[in-house]
Amino acid sequence: QVQLVESGGGLVQPGGSLRLSCAASGSIFSILSIDWYRQAPGKQRELVASITSGGSTNYAGSLEGRFTISRDNAKNTVYLQMNSLKPEDTAVYYCHTQGVVRHYWGQGTQVTVSS
């Protein structure tokens with residue numbers, strides 16, 4: 001019903017920036033809320049940011065100000081702009097949405113922040 005594919009991860013130095021993309025298939029995309037999660041090695045998966053169908057955004061913890069979530073419904077794509085990256089941001093980042101009967105997850109994209 002819904003397929004999510006993340007891209008844009010990679011290796012970046014502390015203080016650098018990346019923009020992650022979540023490309024979605026399915027005709028229902030425009031009415032879905034979309035989330036970004038991340039999971040660092042040995043740690044629980046955590047919610048990073050969410051965006052509703054109307055464009056309202058929410059951020060976890062103190063991430064607002066460094067991370068910005070946005071969407072382009074015409075392109076069926078959600079973005080996560082990540083600035084001032086820190087080593088503790090290193091994780092696999094996942095796109096997520098909840099459908100009628102199940103959760104949908106992308107395959108994840110690795111973000112590594114290291115000197």
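FYI, side chains are in, hydrogens and waters are out, and symmetry mates aren't considered; it's all heavy atoms of this structure. If you read the sequence from its start, that first residue is 1, and numbering goes on from there.
Of the inter-residue distances, the one linking N58 atom CG with T52 atom OG1 reads 8.5 Å to the nearest 0.5 angstrom. A distance of 9.5 Å separates OH of Y104 from OG of S25, quoted to the nearest 0.5 Å. Of the inter-residue distances, the one linking M82 atom CE with L63 atom CG reads 8.5 Å to the nearest 0.5 angstrom.
Side chain of T97 to main chain of S33: a donor-acceptor pair is present (N/O by atom type, distance under 3.5 Å, no hydrogens or angles). Judged by distance alone, the side chain of T109 and the main-chain N or O of G9 form a donor-acceptor pair under 3.5 Å. A donor-acceptor contact shorter than 3.5 Å links the side chain of E6 to the backbone of G108. Judged by distance alone, the side chain of Q98 and the main-chain N or O of R102 form no donor-acceptor pair under 3.5 Å. Within the 3.5 Å criterion, the main-chain N or O of V113 finds a donor-acceptor partner in the side chain of T90.
Residues G8 and L18 come closest through the heavy atom pair O-CD2, 3.8 Å. The two atoms that bring A24 and F29 nearest to each other are CB-CD1, 3.3 Å, heavy atoms only.
Both tests do not hold together for R66 against Y59: distance to the six-membered ring centre under 6.0 Å, angle to the ring axis within 45°. Geometrically, R19 engages Y79 in a cation-pi contact defined by less than 6.0 Å to the ring centre and at most 45° from the axis.
Outside the 6.0 Å centre-distance limit, the rings of W36 and F67 are not counted as a close aromatic pair.
Side-chain atoms of Y93 and R38 form a donor-acceptor pair, as typed in the model, at a separation below 3.5 Å. N83 and S17 share a donor-acceptor pair across their side chains, judged by distance under 3.5 Å alone. In summary, the side chains of D72 and T77 do not present any donor paired with an acceptor at a separation below 3.5 Å, with no hydrogens or angles considered.
Crowding of Q3 atom CD: a count of heavy atoms from other residues, nucleotides or ligands under 6.0 Å not exceeding 12.
Aromatic ring pairs are classed by plane angle as parallel below 30°, tilted from 30° to 60° and perpendicular above 60°; the pair H96 and Y37 is perpendicular.
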CA sep, side-chain torsions, deciding dist, call: V111, L11, side-chain contact (heavy atoms from CB on, under 4.5 Å): CA-CA 6 Å; V111 172; L11 176 64; over 6 Å; no
